[in-house]
Amino acid sequence: MKTYRTGFLLALVGNIVFVVVLAGLWLHYRGAKPAADMGLQTPTSTAQASTGAPPASAETPLVPVQISAQRLQSIGVKIGKVERKLVEDEIRTTGNIAVDETRLAYVQVRYSGYIEKVFADATYQYIRKGQPLFTIYSPDLVATEREYLVAKQNQQQVAQSTVPGVASSAASLLDAASERLKQWGVPSQEIARLESTGQVQQELEFDSPVSGYITERNALPSVAVQPEMRLFTVADLSSVWVQAQVFQNDLGRIKIGDPATLTVSTFPGRTFRGRVDFIYPQLDTDTRTAKVRVVSSNFDLQLKPGMFVNVALKVPMGRQLVIPASGVLQSGSRQIAFVKRSDEYLEPREVELGPRVGDDFIVLRGLKAGEQIVTSANFLIDSESQLQAALGSFVPPPPGAGAASAMNVPQVNAELTSEPNPPNKGSNVFRIRLSDASGSPISGAEVSVTFFMPAMPAMGMAAMRTPVALNDKGNGVYEGSGVLGSGGTWQTTILAKKNGQTIVSKQLSVNATGGM
């Protein structure tokens, strides 16, 4: 009894503790939710606000870029041209050689009989038109030839008869026997021999009706044959079919009569010509391809049925506006081309492109024929454009600064240091010391430093911009703190103004530690 009472008390205490813990958790989360509703920022949102980074889906704006001709040459910028020209697309696929079904011939007889001798006795043996294939004995054929001879003799005997209808009846019997021989496919020379000799031939020689290769043979000595039996199949391989497999999304660009080229690994360096003859109306649900039939000449018989070939289908597209493919910068969801407006002035322009044709892109919108575009070092130009867009365009040097200012050489020295040194991903303290040409400190200026990293669409990373305003600490030293959102190389611009005029506009690169 005592043991039972002790167990009951322990269970009661455990339940009370459990209820207290649940109540505490409920109060904790209930208190956290209003804090979030009141606009309290999480560490992640605070970091985004301090870095000024746009959301991942936003595109960094671009502005025209002014770069000296010497710098364009040093970074390897090349210029291409927007032009209109006749273009044709190319669809590359594979296929197999097949026999041209329109050039197949089947050898059959129209009467029953027995094969005696076979002259064409091997598959893929080449035969010519008129060449003997076999001899056949047919009781029906022999009987019909005898009827023909009897009808001919009767016609001759009653030709001078004065009895009405006798001569015409004999002539009709002869015509009927002759027509039956013709309907059975007996050659005209055999009928002529029958008339000239008056002798019935027990074995009839059957000749090939076409020239080609024997692809099927069922004619064997002493075999009984019927009219429906296929004795030989002869294929003319001077023209062949190529059954090419074309993906569904390419079918709309192909039409009957389009040219095609064929290459075979057996004959390196050689190209065979063909044309699209038929597009099959059924799609393979497993491969999402349809068969496209290409007809190709094969007079030298190099293309064999069953051979695997590479097929290039030419798709004429008429006269189109095109640019070199290297002149397009794929920037996230945009396609950018940098148009040369003068020797030192490049304008970024968003373009709409059609399909790629060889080394070119078809331009649908955004460019005109005759314009010049950058075809190399596009990424460097894009980075420069993003940087100048982030800074609100490039700030010109102060008036009267001379040629040195025009070359972006500062007349005031600006030295950037950080704590830690080098800066890292996260919070940093930045200091800039301003001094004139003689080394004397400059105070009372408005100083800011802007860190910028271009977007990296391939890595799913948006552009980042971190402006930091510095406070005057005296003796030419300016200090401020800022958060870098990533490690890596930051394009940095130091801007200092005094009395409303810009005294320093300096650009440099700063390497920060830490991951991306």
Side-chain angles (χ1 to χ4, degrees), residues 85-107 120-131 208-217 232-284 286-318 322 324-325 355-360:
K85 63 180 183 180
L86 290 173
V87 296
E88 62 178 11
D89 198 3
E90 185 176 75
I91 299 174
R92 292 186 174 272
T93 183
T94 59
N96 293 90
I97 302 296
V99 175
D100 187 342
E101 295 177 6
T102 63
R103 294 174 178 264
L104 281 176
Y106 301 108
V107 177
D121 55 0
T123 307
Y124 286 103
Q125 176 183 344
Y126 183 79
I127 57 173
R128 293 180 175 84
K129 183 177 181 179
Q131 180 177 336
S208 175
V210 293
S211 298
Y213 288 87
I214 297 175
T215 58
E216 182 184 11
R217 181 178 77 94
F232 289 94
T233 301
V234 182
D236 180 4
L237 299 181
S238 62
S239 175
V240 293
W241 284 354
V242 179
Q243 304 287 10
Q245 303 291 332
V246 177
F247 284 105
Q248 174 181 339
N249 56 349
D250 290 327
L251 288 176
R253 296 187 288 159
I254 303 173
K255 62 181 183 299
I256 305 299
D258 284 347
T261 57
L262 316 174
T263 56
V264 190
S265 57
T266 310
F267 310 105
R270 181 173 179 182
T271 301
F272 300 87
R273 303 291 177 180
R275 60 177 178 83
V276 176
D277 180 64
F278 185 71
I279 301 174
Y280 287 78
Q282 185 174 1
L283 201 71
D284 189 325
D286 294 329
T287 61
R288 310 309 303 172
T289 60
K291 287 195 297 183
V292 174
R293 189 172 72 205
V294 177
V295 177
S296 177
S297 297
N298 188 35
F299 294 110
D300 54 0
L301 304 179
Q302 297 295 319
L303 299 177
K304 319 289 185 187
M307 184 177 283
F308 181 84
V309 296
N310 296 307
V311 183
L313 300 174
K314 305 294 183 179
V315 183
M317 304 185 69
V322 298
R356 178 165 179 165
V357 183
D359 295 331
D360 298 325

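Predicted model, so just to flag it, every value in this text is computed and none were measured.
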Problem set entry | All side-chain contact (heavy atoms from CB on, under 4.5 Å) counterparts of Asp236, not counting sequence neighbours | Arg103, Ser238
Solution key, residues 258-268 side-chain donor-acceptor pairs under 3.5 Å, sequence neighbours excluded:
unit_1 : atom_1 : unit_2 : atom_2 : d
Asp258 : OD1    : Lys255 : NZ     : 3.2
Asp258 : OD2    : Lys255 : N      : 3.0

Closest heavy-atom contact between [X] and [Y]?
X      : Y      : result
Glu88  : Pro316 : CB-CA, 3.8 Å
Pro355 : Met317 : CG-CE, 3.9 Å
Gln131 : Tyr126 : OE1-O, 4.3 Å
Phe278 : Tyr280 : CE2-CA, 3.7 Å
Ala235 : Leu104 : CB-CD2, 3.5 Å
Asp286 : Asp284 : N-OD1, 2.9 Å

Problem set entry | Contacts of Tyr106 that satisfy side chain to side chain donor-acceptor pair (under 3.5 Å) - sequence neighbours left out | none
For this session: State which residues pass side chain to side chain donor-acceptor pair (under 3.5 Å) with Thr271; sequence neighbours excluded, sorted by chain then number.
Result: none
Per-pair distances, 0.1 Å, donor-acceptor, side chain in residues 210-217, under 3.5 Å, sequence neighbours excluded:
unit_1 : atom_1 : unit_2 : atom_2 : d
Ser211 : OG     : Lys129 : N      : 2.8
Thr215 : OG1    : Thr233 : O      : 3.3
Glu216 : OE1    : Thr233 : OG1    : 2.8
Arg217 : NH1    : Ala219 : O      : 2.9

Exercise. With sequence neighbours left out, what residues match Tyr124 under ring pair (Phe, Tyr, Trp, His ring centres under 6.0 Å)?
Worked result: none
For this session: With sequence neighbours left out, write down each residue that passes ring pair (Phe, Tyr, Trp, His ring centres under 6.0 Å) with Phe247, or none if nothing qualifies.
Result: none
All N/O donor-acceptor pairs, side-chain side in residues 300-315, below 3.5 Å, sequence neighbours left out:
unit_1 : atom_1 : unit_2 : atom_2 : d
Asp300 : OD2    : Arg270 : NH1    : 3.1
Asp300 : OD2    : Arg270 : NH2    : 2.6
Lys304 : NZ     : Leu301 : O      : 2.7
Lys314 : NZ     : Glu90  : OE2    : 2.3

Can you give the donor-acceptor pairs under 3.5 Å from side chains of residues 287-294 to other protein atoms, not counting sequence neighbours?
unit_1 : atom_1 : unit_2 : atom_2 : d
Thr287 : OG1    : Thr289 : OG1    : 2.7
Arg288 : NH2    : Gln248 : OE1    : 3.1
Thr289 : OG1    : Gln245 : OE1    : 3.3
Arg293 : NE     : Asp277 : OD2    : 3.0
Arg293 : NH2    : Asp277 : OD2    : 2.7

Problem set entry | Sub-4.5 Å side-chain heavy-atom contact between Val242 and Ile97 | yes
Exercise. Given side chains that start at C-beta, do those of Pro209 and Val107 come closer than 4.5 Å, heavy atoms only?
Worked result: yes
Problem set entry | Flag if over 12 foreign heavy atoms under 6.0 Å of CZ, Arg356 | yes
